[in-house]
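A quick write-up on the structure given underneath.
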Amino acid sequence: MSKKVRVRFAPSPTGGLHLGGVRTVLFNYLFAKNLGGDFIVRIEDTDQTRFVPGAEEYIFNCLQWCGLEPDESPLHGGPYAPYRQSERKPLYRQYAEQLIKDGYAYYAFDTAEELDAKRKEVANFQYSQHTRSGMRNSLTLSEAETQQLLADGVQHVIRIKMPADVEVKFADMIRGEVSFNSSLVDDKVLLKADAMPTYHLAVVVDDYLMKISHAFRGEEWLPSAPVHVLLWQYLFGIDNMPQWAHLPLILKPDGNGKLSKRDGDRLGFPVFAMDWKDPKNEEMTTGFKERGFLPEAFVNMLAMLGWNAGTEQEIFSMDELIAKFSMDRVHKGGAKFDYEKAKWYNGEWIKKLDVSSFRFQVSGLLAEKGIVVADDEKLIKVLNLVKDRCTLLPDFVQQAAFFFKQPETVDIAAIQPKWDEKKQLFFAEAIRMFEQSALWQAADLEASFKELAAANQLKPGELMLPLRIMLVGGKFGPGVFEIAELIGKAETVSRIKAVLTELG
RNA sequence: GGAGCGUUGGUCAAGGGGUUAAGACACCUCCCUUUCACGGAGGAAUCACGGGUUCGAUUCCCGUACGCUCUACCA
């Protein structure tokens, strides 16, 4: 009973990696690492018509960015290779044949066209125990006919033969006992005409062969669970079946329903982990990474969508998540995705993390705007000064740019209404004072600035905003004198002068 | 249509037979700040509805409603 914990994420490489997909990975990973187990990635590429070049590599890039490194995968190798189902193709047929031999499956010769026609003719047609006797399969054909068709190489599939009226039940780790009546489940295709297995066969065979101990997947899989349970029973014994958990869905923020890429486009937030460019139409979809999320925040946010520690703690590092995670604290109901909350997590992580861990990304963002940052020390000072004001990495552009470059536009309109001769003279004097200043520390600057204001019978409050706008360009940013300190004497004086000539 | 799963404030959610039903995000008010944030204080729920069980139900049971997922030789 002390079986080694082994979990797997089994994506099909058909496009961008969705939020929900990453969360499924995350829960798998956290569960496994909490118990000292292995995390395996198996590529489910049995549908050759949906193959998308680059999708597999993209998935691994996303996992790496999130810090969810597999122990075994087509990329990382492992003792149960190959980890790509297309490369395991020859393996599956024998299990399907075995099922036929044991009376649990049968050959079906109906063509796709015939099935289509049938579906048009009969509403809600299902290939099942109630209809299979009217179809062309090894149950309705004689043994000789079947053998002849097979010998002739006629296209066929293998379908599971669902038993009549059996209660198929299993214990779901987050839902408790779940049960289905077998007579309501259709005869799913197990092996396709191209000899590739369908998901149903492949998942059972590979989970067995790869010694998977726990199988977690989205709730959308629940209705097909009875097929998988039966297959386990028929093929490998129910006692060897992994423990299942069907994760709640991530729903769209408005209305109901599964969150889709479309919703992100419509509502203006990312749904994929990283930028994804569809090779078919060159269409680019932005990811959380490129939108300016830190992986720590992305993972943290995802973990809290459907799970909580039962305490008031909301900010978790990966190590904390691993230590605290358990499946029985996963919520049953779906959760609507809230982009505002996602951004809040990112802001928290920006504040929490040492700025040097994301300074290169910020300097890259600045470089895109033509601002080259040569002084790394200054960059770190600036980032520390403004990080409380940033929720997404690109916010740093607005908050930090003026430290390195004179503002391109200055909001003169905000000063003008209350501007007068007295203030003009005051700032002219302030320039001289700053130029002569021996000390260049924020506190000293503030003190002398206020002294000068008092000497001129001016309230500092009327002067601070103009000064800010002269230095920053607008009504934002950290303390004015901290800014002056960091940009230095020459730059401070030159910015004041520039605006002063415009005003005067 | 059928099956399965779900339902605590706008959102994420804790709790679970007797509570003033936590906390967070968002929103509003106030404080702090002579900018904007950060931070601090305050503000909202007869726990979908109807029946039971019980001295007592948001919590347990059964219905109903609503929502979602699935119902492909896709995963």
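Lettering follows sequence order; numbering is per chain, from 1. All values derive from a computational prediction rather than experimental measurement.
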Checking all strands, does A/G477 fall into the base, sugar-phosphate, or nothing category for heavy-atom contacts under 4.0 angstrom? base

The correct set of residues in residues 398-405 of chain A placing a heavy atom under 4.0 Å from RNA chain B is none

Do the ring planes of [X] and [Y] sit parallel (below 30°), tilted (30 to 60°) or perpendicular (above 60°)?
{"X": "A/F180", "Y": "A/F170", "result": "parallel"}
{"X": "A/Y339", "Y": "A/F293", "result": "tilted"}
{"X": "A/Y58", "Y": "A/F272", "result": "perpendicular"}

Tell which nucleotide pairs with [N], taking only Watson-Crick or G-U wobble pairs whose two distances are both under 3.5 angstrom.
{"N": "B/rA3", "result": "B/rU69"}
{"N": "B/rC30", "result": "B/rG40"}
{"N": "B/rU64", "result": "B/rA48"}
{"N": "B/rA57", "result": "none"}
{"N": "B/rC74", "result": "none"}
{"N": "B/rU35", "result": "none"}

Without decimals, in angstroms, what is the distance between [X] [atom1] and [N] [atom2]?
{"X": "A/K336", "N": "B/rC68", "atom1": "NZ", "atom2": "P", "result": "10 Å"}
{"X": "A/Q313", "N": "B/rA14", "atom1": "CD", "atom2": "P", "result": "15 Å"}
{"X": "A/D187", "N": "B/rU71", "atom1": "CG", "atom2": "C1'", "result": "14 Å"}
{"X": "A/D47", "N": "B/rC73", "atom1": "CG", "atom2": "C1'", "result": "9 Å"}
{"X": "A/E44", "N": "B/rA75", "atom1": "CD", "atom2": "P", "result": "8 Å"}
{"X": "A/K118", "N": "B/rA72", "atom1": "NZ", "atom2": "C1'", "result": "17 Å"}
{"X": "A/N124", "N": "B/rU71", "atom1": "CG", "atom2": "P", "result": "13 Å"}
{"X": "A/H130", "N": "B/rG1", "atom1": "NE2", "atom2": "P", "result": "19 Å"}

Below 3.5 Å is the cut-off: list the nitrogen or oxygen pairs between protein and nucleotides 31-33 of chain B, distance only.
none

Name every donor-acceptor pair, under 3.5 Å, that has one atom in a side chain of residues 17-24 of chain A and the other anywhere in the protein, sequence neighbours excluded.
residue: A/H18; atom: ND1; partner: A/G20; partner atom: N; Å: 2.8
residue: A/H18; atom: NE2; partner: A/L259; partner atom: O; Å: 2.7
residue: A/R23; atom: NH1; partner: A/L305; partner atom: O; Å: 2.7
residue: A/R23; atom: NH2; partner: A/P248; partner atom: O; Å: 2.3
residue: A/T24; atom: OG1; partner: A/G20; partner atom: O; Å: 2.9

Whichever of A/E446 and A/T46 has the more 5' nearest nucleotide on RNA chain B, that residue is A/E446

Heavy-atom nearest nucleotide on RNA chain B taken for A/V480 and for A/D45; more 5' hit belongs to A/V480

Is it the case that [X] and [Y] place a side-chain donor and acceptor less than 3.5 Å from each other?
{"X": "A/Y199", "Y": "A/Q85", "answer": "no"}
{"X": "A/R217", "Y": "A/H246", "answer": "yes"}
{"X": "A/K324", "Y": "A/Q313", "answer": "yes"}
{"X": "A/D187", "Y": "A/S128", "answer": "no"}
{"X": "A/R132", "Y": "A/N137", "answer": "no"}
{"X": "A/D206", "Y": "A/Y83", "answer": "no"}
{"X": "A/S448", "Y": "A/E451", "answer": "no"}

Give a yes/no on whether any side-chain N or O of [X] is located under 4.0 angstrom from OP1 or OP2 of [N].
{"X": "A/R50", "N": "B/rA72", "answer": "no"}
{"X": "A/K258", "N": "B/rC70", "answer": "yes"}
{"X": "A/R119", "N": "B/rC73", "answer": "yes"}
{"X": "A/N308", "N": "B/rA13", "answer": "no"}
{"X": "A/K387", "N": "B/rA37", "answer": "no"}
{"X": "A/H331", "N": "B/rA14", "answer": "yes"}

Nearest to the side chain of [X], heavy atoms from C-beta on, is which of [options]?
{"X": "A/T198", "options": "B/rC74, B/rG4, B/rU69", "result": "B/rC74"}
{"X": "A/L465", "options": "B/rA75, B/rU35, B/rA3", "result": "B/rU35"}
{"X": "A/L249", "options": "B/rU34, B/rU71, B/rU69", "result": "B/rU69"}
{"X": "A/F180", "options": "B/rG4, B/rA14, B/rC74", "result": "B/rG4"}

Interatomic distance, CG@A/L30 vs CZ@A/F316, rounded to 0.5 Å, equals 10.5 Å

For atom [atom1], what is the distance between [N] and [M], given to the nearest Å?
{"N": "B/rC28", "M": "B/rG56", "atom1": "P", "answer": "45 Å"}
{"N": "B/rG1", "M": "B/rC61", "atom1": "P", "answer": "27 Å"}
{"N": "B/rA22", "M": "B/rA14", "atom1": "C1'", "answer": "6 Å"}
{"N": "B/rU46", "M": "B/rC38", "atom1": "P", "answer": "30 Å"}
{"N": "B/rA72", "M": "B/rG9", "atom1": "P", "answer": "35 Å"}
{"N": "B/rG51", "M": "B/rU69", "atom1": "C1'", "answer": "29 Å"}
{"N": "B/rU58", "M": "B/rG67", "atom1": "P", "answer": "25 Å"}
{"N": "B/rA41", "M": "B/rA48", "atom1": "P", "answer": "30 Å"}

Pairing of A/K258 and A/D263 as salt bridge, 4.0 angstrom limit
no

Got more than 12 heavy atoms from elsewhere within 6.0 Å of NZ, A/K459?
no

Residues at least two apart in sequence or cross-chain that pass salt bridge (charged side-chain N to carboxylate O under 4.0 Å, His left out) with A/E314, listed by chain then number, are A/K341

Kindly give the atom pairs (protein nitrogen or oxygen, nucleotide nitrogen or oxygen) under 3.5 Å for nucleotides 64-67 of chain B.
none

Protein-proximity profile, nucleotides 21-26 of chain B, B/S/- by nucleotide at the 4.0 Å heavy-atom cutoff, equals -SSBB-

request  = Find out whether the Lys NZ or Arg CZ of A/R8 is both under 6.0 angstrom from the six-membered ring centre of A/F39 and within 45° of the ring's axis.
outcome  = no

Closest heavy-atom pair, A/P478 versus A/F402, reported as atoms and distance to 0.1 Å, is CD-CZ, 4.3 Å

